[in-house]
Every structure is written in C-alpha cells, then in structure tokens.
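Fair warning: this is a prediction, and the values are worked out from it, not measured in the lab.
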Amino acid sequence: MCKKDKYYITTAIAYTSRKPHIGNSYEIVLTDAIARYKRMLGYDVFFQTGTDEHGQKIEMYAQAEGCTPKEYVDKVAGEIRAICDVLNTSYDYFIRTTDANHERAVQKIFKKLYEQGDIYKGSYEGLYCTPCESFWTESQLVDGKCPDCGREVKPAKEEAYFLRLSKYQKQLEEYIESHPDFIYPESRKKEMLNNFIKPGLQDLCVSRTSFKWGIPVDFDPNHVVYVWIDALSNYITSLGYDTENSSEMYRKFWPADAHIIGKDIVRFHTIYWPIMLMALGEPLPKQVYGHPWLLFGEDKMSKSRGNVIYADELCKMIGVDAVRYYLLSEMPFANDGSITYETIIERFNSDLANTLGNLVNRTIAMNNKYFGGVIQEPSAKEELDDELISCCFDTVKKVDDCINAFHISDALEAVINLAKRCNKYIDETAPWALAKDEANKARLGTVLYNLLESIRYIAVLIQPFMPDTNKAILTQLSCDTSDYASLSEFGATKAGTVLGKAEPLFVRIDSKKFFEEVEAMQKAYAESEKTIEEIEEAEEIPQISIDDFAKCDIRVGEVKACEKVKKSKKLLKFSIFDGAAERTIVSGIAQFYQPEELVGKKILFVSNLKPVKLCGVESCGMILSACRGDELQLVTVDENMPAGWKIS
C-alpha cells in the first residue's frame, strides 16, 4: 500500500441541539477506528467530523437559554468537539456549518442548482413536524404522527424553493442497483429502494421563510437555505469544492470512500445527497454505511428518563480505552446495541482485566522472574507452537475482513479471542512447571517468546480500537517494531531485548463503588432545571385569539403562607388569598426563593386552572413568573392592589 492511495471517511455532522450522550458518541469512535486502521495500512486518510448548526430548533434552544443562536451553537459545538477529543479520536478536520467558507460554498451551490433549473420556487402546504423540521404528506404519517420521531404534526403553508428529486429518480435507482455496495448493509438498500424511491420521489423543500437562523439565499434574502443542502454539502465544502474551480484537495479526496451515519438518516444520504451531486455533475460517495443505534437497555437515552450516559463522565470512571472498547464491542453489525451499567462492568472485568490485562501482566512478569526480563531466542519449538502462530495469522486476516465489511465488533472479538488462545497456551505449556527444571530452560524461553510475540500481534491489531492500550503494551514489551507490515511474519520481537516493568493495564471494577458514582451522576442530571428534551418536545408558541385569552382568569393574590413541599427540592406550597378565600397553589420555584421572603407579596395567578396533585399536594391554580435562561422572578404587583382583582 502506497501513501498516495487516499481514503476519505466522514461521520454525519452532529446537530448542535445539546451535548451528545454516549449513544451519539458511538459513531465518532466507530469512524475513528476505521480511519486509524486505514492509516496503519498506509493509506493517506482524511477523516472528517463536525457540527450542523442552523435551523428552527436552534432558534428555540437559544431563546430558551436567553442567548443568540450563534452563542448557543458555539457552546454546544465546543461540547461536541470536546467529547471527540476526550474519546481520543483522530479526526483531521472538524467542520462547522457556520464556517464562513462553508456558507459561501452553500450559497454558490444553491444558486447553481437554481440557475440550471434543478431548484425552482413554489409553495409548500403540508403537515409540519417542528422537532424534525420536516414537511410530510398525510400518506407518509405513521399513526397520524411524524414518521421519523413519532411526534405530533400540524398543518403549515410556506413559500419555498424545491429541489427536483423526481427528475433524477430513475438515474438514482439505476445507480443503486448497479452499485451493490453503495448502501450498506443490504437491508438499508432494500428499504430505500422499496419504501422511498420506487414508489415515487416528491420534490424536496430546500428553503424556509419561517425562521432566520440559516444561510441566506443570496438572490432571495427572505429565504434561508434549508438543512438538506446546507448540512449535506459539508462533505465537499470542507475539501474546497467550488462550483467554478474546486481545490486540489477536493480533486484528491472526493469522492468519499465511506460516509458513516446513523440508520435514521440513511434516506437523506442515499437519496437527497446523491441527487444533489448528480445535479452538480459530481461523483457519488463510494459507500454509505447506516449503523444501528446504541440504546440504554431497550430504550433511547434521554435526561427526562434518567437513563442518559455521557462519554466524558464514563471515561472518568473507567478510562477512555475501556469506553471505546465497550462502544465498539457491544454494537452488532445490523441490529441496535444495548448499554447497561451491569454489562459495562462485566465486559471490563472479563475481557479487559481478566483476559487481556492478565495475559500481558503475567507473561511479562514470568519473563522478568525467570530470565531477568531478557527475551530469549525461540530455540526449542514444538508442534503446539504452530497452533498459536497460526492463530496470530488467522486473526490478522479476520480483523481485516471484518473492518472492511464494517463488522467492527467481530474484529474486536477476534483480537480478544487471540488473547484467550494465548491464555490457553499458558495453561497448555505451564511455564511455572518448566521453570522448575534447568533442562527445560530453552523450552521455557521459547514458550515465553511465543507469548510475547503473540502479545505484540495483539498490541498492533488493537491500536485502531484502543490506541492508549496499544502504547502501554508496546512500552512494557520494549518493542520498536509495531507497524502493520511486521505482522506478515511471526518473529519480529527481538531476542535479547530487556522488557519493561509488568504493570496492570486494567484494574477490576468494584461494582459497589461504581454504582455509587453512577447514582451521584444520575442525581446531578435529574436535578437540572429543564431538560433539552422538554424544549425539543415543546410546540411552537401558537397564535391565539382574544377569546382564547379571555378563558384565562388571571387574578391578584396575596401570599399568606409559604413552605417547602416535603420530598421535593423544587416545589413550594403557597397559601394564596384570592379576595374571597385562601387556596393552595404549588409552584416549582424553590431554587429561586426562600419561603419566608414571599409572605405578604402580591402576585398574579391563574385562578381557573384545573386542580392537579403535585407530590401529594392539590394545587388549585398557577402562579405567574418570568424567566430567561437560568433566571426567574415572580410577577408581583403594587402592594396596594386588592386581592381578587382580575387582570384583563
């Protein structure tokens, strides 16, 4: 393999709605492992990741945080990049769709497609899902709800530009059928062809006027470029694509060798994106792999469910390489994977501490004990040794086959199985027994040599998955021969080399201590004021009539008493005089006020709200407050205003 052979691999760019949980982090680790492996083989790799930063949802999140959209995406993009760095990923470029060069290129792409007739102006009337920022027809809904997220949709009409998907339908269908490896795995390809393409493609809405946080259409500033052309084109704008004169880097690396994406966005990357490229006259990516999801048990992760895990927090608890190993080993090729704290402990203690860590530790310790750390010549070979050597060669081939087919968990399993075979070899040869007889010294030296060389194979093969562990093993082996080419012949470990000190690679997890840390971590999440999920699931603020407003009976009330609600850190129990009698109202503002400072205040409350029980206390009304970001204040009125007066 020559250095001139390029390999361009990308993740999907992460949406800057929130800090990514560990399920989101799987993709960057997966892609990093492939990129590292290709580099090890000698490819000139360009590995890209980044963030998708425009759209209506960002406006909503920023408003909820009391900041500008740019301030909001700067913060979240920083968190996303920090997670990539914590996980020791070796990306070459981190693109942001707010980058000036990306925005300029997107405007030129949009204009070119418009001028050649592939984009046209019209209007869209359909059913709109705010969280997904997607229009749907009635027939596309599932049980009357958004087919992507399952949330409610509502009628909407909007002037928009459209991309002529229908024009390229036949061309795309023929391309997919003539390039069997374009969509991977096979099940995703069948889904795209049978469920979306063959039934007929509808032209795609590619601009919006109902929000402003996006790249302006330069020839029609009332419109912003919608997510599809903006986000998807990142794969070429980062390389210096230009509609008139693209860069040398673009000519070198495009087309991409692999887009690594989640299964939920396969449609965008195998229908919308290829048609955009066809319209631009550019080559299509060679392969799109739609990987499954990593679930918490059998559920999606969310802070509101209390089952979210963040990669940076887990790295603090068990180490970066252990997190990488778990993510890559637990995800099947085509089915969703599952993460639980119990399986984290089980995988760590069994595979990493017992199988791999123990193998390296006791082999080096035995060689240090019996030969003063000096590696011996393998001069007393036996037939049993050939089985171990064959296992090393077989593992190299198995890892290569698996990675090329995106069966990453199987590749890791093959490496761990080699470690298990080494442990079995120790049991079969019993070095401690050989050490009792001086006549067996040559055989003992050969056995330990075979083990040390096999461990070198493991260290080299594990590098793409666990780079720090690779370095730690090679340091203990005092090994300077760690390139992939050295695996073609068993025997690169040099006799006469003095080994380093045997130190544990992984210390077994104490489950009691581990779950105490987990409990503290989840408690901190649960006490956060308002989750992103609540914002995401919220509807846009609807337009109401004066009649709708008149239904709310808002009155002046006087706080007669106030106390904290037992078993709650957020709730205060108010006794409110409403001009005729006292009523109980419960409000979640305990973190902003002490109960005693509220007594005697004149406040506003909704008097005709349906009663509801909160922590066992019936609340008859709702106290009004104003908030911005992390700040909140009760709405108070002049102390001379009588209780019971109605606000109109």
Side-chain angles (χ1 to χ4, degrees), residues 349-399 414-462 469-508:
N349 288 344
S350 175
D351 293 358
L352 299 183
N354 290 356
T355 299
L356 178 59
N358 191 40
L359 167 66
V360 175
N361 189 263
R362 65 175 175 162
T363 299
I364 292 176
M366 284 190 291
N367 201 85
N368 288 350
K369 178 180 179 181
Y370 300 138
F371 295 106
V374 179
I375 300 175
Q376 302 298 295
E377 286 282 357
S379 58
K381 295 182 179 179
E382 294 184 4
E383 186 176 341
L384 183 62
D385 303 346
D386 293 332
E387 294 181 24
L388 181 62
I389 294 169
S390 293
C391 187
C392 288
F393 291 143
D394 291 345
T395 302
V396 173
K397 185 178 186 308
K398 180 72 179 292
V399 168
V415 179
I416 294 299
N417 284 341
L418 176 56
K420 290 178 179 178
R421 182 64 188 88
C422 290
N423 282 320
K424 183 181 178 183
Y425 180 78
I426 292 175
D427 295 337
E428 292 168 336
T429 56
W432 52 88
L434 293 173
K436 294 178 180 178
D437 189 340
E438 186 68 21
N440 294 326
K441 191 170 184 178
R443 178 58 185 160
L444 174 62
T446 300
V447 165
L448 292 176
Y449 179 91
N450 290 336
L451 285 167
L452 292 167
E453 173 68 347
S454 298
I455 290 170
R456 189 185 70 83
Y457 268 70
I458 292 170
V460 174
L461 291 174
I462 214 167
T469 303
N470 157 270
K471 293 174 185 175
I473 294 174
L474 293 175
T475 297
Q476 293 188 39
L477 291 175
S478 299
C479 178
D480 57 4
T481 308
S482 58
D483 58 288
Y484 185 82
S486 70
L487 303 183
S488 62
E489 185 175 352
F490 192 90
T493 293
K494 298 175 183 177
T497 301
V498 178
L499 295 175
K501 182 181 178 182
E503 296 182 349
L505 295 174
F506 303 97
V507 178
R508 285 178 59 86

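- Minimum interatomic distance between Leu418 and Ser454 (heavy atoms only, all atoms of both residues): CD2-O, 4.3 Å.
- Residues Phe371 and Lys441 are in side-chain contact: their nearest non-hydrogen atoms beyond the backbone lie under 4.5 Å apart.
- Atom-to-atom distance recorded for Ser390:OG and Asp385:CG is 10.5 Å, nearest 0.5 angstrom.
- The minimum heavy-atom distance between Leu356 and Ile458, with the atom names listed, is CD1-CG2, 3.8 Å.
- The heavy-atom pair separating Arg443 from Ala380 by the smallest distance is NH1-O, 2.9 Å.
- Side chain of Gln476 to backbone of Glu503: a donor-acceptor contact under 3.5 angstrom is found.
- Annotation: the span from Gln376 atom CD to Leu444 atom CG amounts to 8.0 Å, rounded to 0.5 Å.
- Of all non-hydrogen atoms in Pro431 and Val447, the two that sit nearest each other are CG-CG1, 4.1 Å.
- A donor and an acceptor atom, one from each side chain of Thr395 and Arg421, are nowhere located under 3.5 Å apart.
- Listed for the Ser482 side chain is no donor-acceptor partner under 3.5 Å among the backbone atoms of Val460.
- Although no hydrogens or angles enter the test, the distance criterion places a donor-acceptor pair under 3.5 Å between the side chain of Asn423 and the main chain of Thr355.
- At least one donor-acceptor pair closer than 3.5 Å links the side chain of Tyr449 to the backbone N or O of Gly491.
- The backbone N or O of Val374 sits less than 3.5 Å from a side-chain atom of Asn367, completing a donor-acceptor pair.
- Minimum heavy-atom separation, Leu451 to Cys422: CD2-O, 3.6 Å.
- The structure places CD of Glu428 at 6.5 Å from CD of Glu387, a figure rounded to the nearest 0.5 Å.
- A 4.5 Å side-chain heavy-atom check between Leu448 and Met366 finds at least one atom pair inside the cut-off.
- Residues Leu487 and Arg456 form a side-chain contact, since some pair of their non-hydrogen atoms from C-beta on lies under 4.5 Å apart.
- If you take CD1 on Ile473 and CG on Asn361, they are separated by 11.5 Å, rounding to the nearest 0.5 Å.
- The backbone N or O of Leu452 lies less than 3.5 Å from no partner atom in the side chain of Thr363, so there is not a single donor-acceptor pair.
- The backbone N or O of Asp483 sits less than 3.5 Å from a side-chain atom of Ser486, completing a donor-acceptor pair.
- Contact detail for Lys494 and Thr481: the closest heavy-atom pair is CE-OG1, 4.1 Å.
- One distance of note links CG of Asp480 with OG1 of Thr493; it measures 10.0 Å at 0.5 Å rounding.
- With Arg508 as reference, Asn349 is the one residue of Leu352, Asn349, Asn358 to meet the side chain to side chain contact (heavy atoms under 4.5 Å, CB included) rule.
- With rounding to the nearest 0.5 angstrom, the CG atom of Asn440 is 11.5 Å from the OG1 atom of Thr429.
- Considering Val360, Ile375, Ile455 as possible partners of Leu477, the one that fulfils the side chain to side chain contact (heavy atoms under 4.5 Å, CB included) test is Ile455.
- Within the 3.5 Å criterion, the main-chain N or O of Ala495 finds no donor-acceptor partner in the side chain of Glu377.
- With Glu453 contributing its side chain and Ala492 its backbone, the two residues share a donor-acceptor pair below 3.5 Å.
- Side-chain contact between Thr469 and Phe506 is present, with heavy atoms from C-beta onward closer than 4.5 Å.
- Considering only heavy atoms from C-beta on, Leu384 stays 4.5 Å or farther from Leu388 through its side chain.
- Side-chain atoms of Asn368 come within 3.5 Å of backbone atoms of Gly500 as a donor-acceptor pair (strictly under, hydrogens ignored).
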